[in-house]
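Below is one structure; the comments refer to it alone.
The figures that follow rest on heavy atoms only: side chains count, while hydrogens, waters and symmetry mates do not. Note that the numbering runs from 1 along the sequence shown for the chain.
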Amino acid sequence: MQELDVTNVRELEDFLINECMYAGIVRGKLDQLRRCFEVQFAAGRDLRPGQLGNMIQTLSSWLATSDNLLVSIQEKIKWADTMSELDKKHGKDVEERVEEVKKSMSLKADVDFRGIEEIYSEPGGVMDYEEDRSRPKRRRHPIS
């Protein structure tokens, strides 16, 4: 209990059953009367003679796979950053083009309006209503 930093027997039993026995690390019997655990089997963590070469090969393969995966992830991140920058640039270009078109349409509308204004304000153009009211009306004298 002291080695595992467990405060009571119930906690120790739960740890042995749930974390060790179910995981296949140990097999044994809990003896509550003697307050001990009788180990029948324990998974070893040491290598048997002749297994070291296989373990080194397995770990080397795992390391190479991990390195390749890391390089691949870094390439994907770089590609995503590049695509993001291109997308931002394209969006900015589109916004600038929209503003240019708005300005050109506004200028064209302004020019068109001025052209119409000039046509109607020229002499010989359409008469102004106010001008008609300012002239005195001629009266006809009754025919006698």
Side-chain angles (χ1 to χ4, degrees), residues 1-140:
M1 286 175 54
Q2 289 173 349
E3 290 295 321
L4 295 173
D5 195 26
V6 177
T7 56
N8 60 43
V9 175
R10 178 66 186 168
E11 242 183 290
L12 178 61
E13 288 176 354
D14 288 345
F15 173 74
L16 286 171
I17 293 168
N18 296 329
E19 303 297 326
C20 299
M21 294 177 88
Y22 286 158
I25 297 172
V26 294
R27 265 187 310 220
K29 292 182 181 179
L30 288 168
D31 187 345
Q32 294 178 346
L33 205 63
R34 291 188 299 156
R35 297 182 59 147
C36 69
F37 178 70
E38 293 178 13
V39 177
Q40 295 171 343
F41 165 81
R45 34 176 223 181
D46 297 330
L47 296 175
R48 290 188 210 117
Q51 286 183 320
L52 184 59
N54 188 22
M55 182 62 73
I56 290 173
Q57 183 180 5
T58 301
L59 291 173
S60 296
S61 174
W62 178 81
L63 181 61
T65 301
S66 298
D67 286 341
N68 290 337
L69 182 62
L70 182 60
V71 167
S72 176
I73 290 171
Q74 288 171 339
E75 288 173 356
K76 298 283 185 200
I77 290 171
K78 189 175 180 180
W79 176 83
D81 288 344
T82 302
M83 289 295 113
S84 176
E85 289 298 319
L86 288 173
D87 187 49
K88 286 178 186 177
K89 186 179 183 301
H90 177 71
K92 186 178 177 183
D93 290 346
V94 168
E95 284 182 30
E96 289 173 357
R97 181 69 181 133
V98 166
E99 289 301 317
E100 288 175 17
V101 169
K102 282 181 181 178
K103 286 179 184 176
S104 70
M105 289 180 72
S106 175
L107 290 174
K108 183 174 179 358
D110 204 27
V111 167
D112 288 349
F113 180 74
R114 285 186 185 149
I116 291 171
E117 198 175 62
E118 289 175 6
I119 290 171
Y120 287 108
S121 65
E122 287 183 20
V126 176
M127 291 193 304
D128 216 3
Y129 180 73
E130 293 298 319
E131 289 180 17
D132 281 347
R133 294 178 104 197
S134 64
R135 283 190 260 159
K137 293 185 179 180
R138 285 195 279 171
R139 295 187 179 208
R140 291 189 178 186

**OP:** Using side-chain hydrogen bond (donor to acceptor under 3.5 Å, both in side chains) as the criterion, list what pairs up with Asp31, not counting sequence neighbours.
**Re:** Arg34
Subject >> Residues forming a side-chain hydrogen bond (donor to acceptor under 3.5 Å, both in side chains) with Gln57, sequence neighbours excluded >> reply: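 side-chain hydrogen bond (donor to acceptor under 3.5 Å, both in side chains) check on Gln57 returns nothing, list empty.
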Out of curiosity, [X] [atom1] to [Y] [atom2], how far, rounded to the nearest 0.5 Å?
X	Y	atom1	atom2	value
Leu16	Lys29	CG	NZ	15.5 Å
Glu13	Asn18	CD	CG	11.0 Å
Thr82	Asp87	OG1	CG	12.5 Å
Glu75	Trp79	CD	CH2	12.5 Å

Original post:
What residues form a salt bridge (Lys or Arg N to Asp or Glu O under 4.0 Å) with Glu99, not counting sequence neighbours?
Top reply: Lys102
Subject >> Any donor-acceptor pair under 3.5 Å from Ser84 side chain to Ala80 backbone >> reply: no
Original post:
For Val101, does its backbone N or O pair with a side-chain atom of Ser104 as donor and acceptor, under 3.5 Å?
Top reply: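 The answer is yes, because a donor-acceptor pair under 3.5 Å joins these two groups.
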Would you say [X] and [Y] make side-chain contact, with heavy atoms under 4.5 Å?
X	Y	value
Glu19	Ile25	no
Asp14	Val6	no
Met83	Leu86	yes
Asn68	Ser72	no
Leu70	Gln74	yes
Leu69	Thr65	no

Original post:
Is Asp93 paired with Arg97 through a side-chain N to carboxylate O contact shorter than 4.0 Å?
Top reply: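 Salt bridge: no.
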Original post:
Thinking salt bridges, do Lys92 and Glu95 make one under a 4.0 Å N-O criterion?
Top reply: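 Looking at Glu95 together with Lys92, the answer is no, because their closest N to O distance does not fall below 4.0 Å.
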Original post:
Does atom CZ of Phe41 have more than 12 heavy-atom neighbours, drawn from other residues, nucleotides or ligands, at distances under 6.0 Å?
Top reply: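 Enclosed.
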Original post:
What do you reckon, is CD of Gln40 surrounded by more than 12 foreign heavy atoms closer than 6.0 Å?
Top reply: yes
If every non-hydrogen atom of [X] is compared with every non-hydrogen atom of [Y], which pair is closest and at what distance?
X	Y	result
Thr7	Glu11	OG1-OE1, 2.8 Å
Ala43	Gly24	CB-O, 4.3 Å
Met21	Phe37	SD-CE1, 4.0 Å

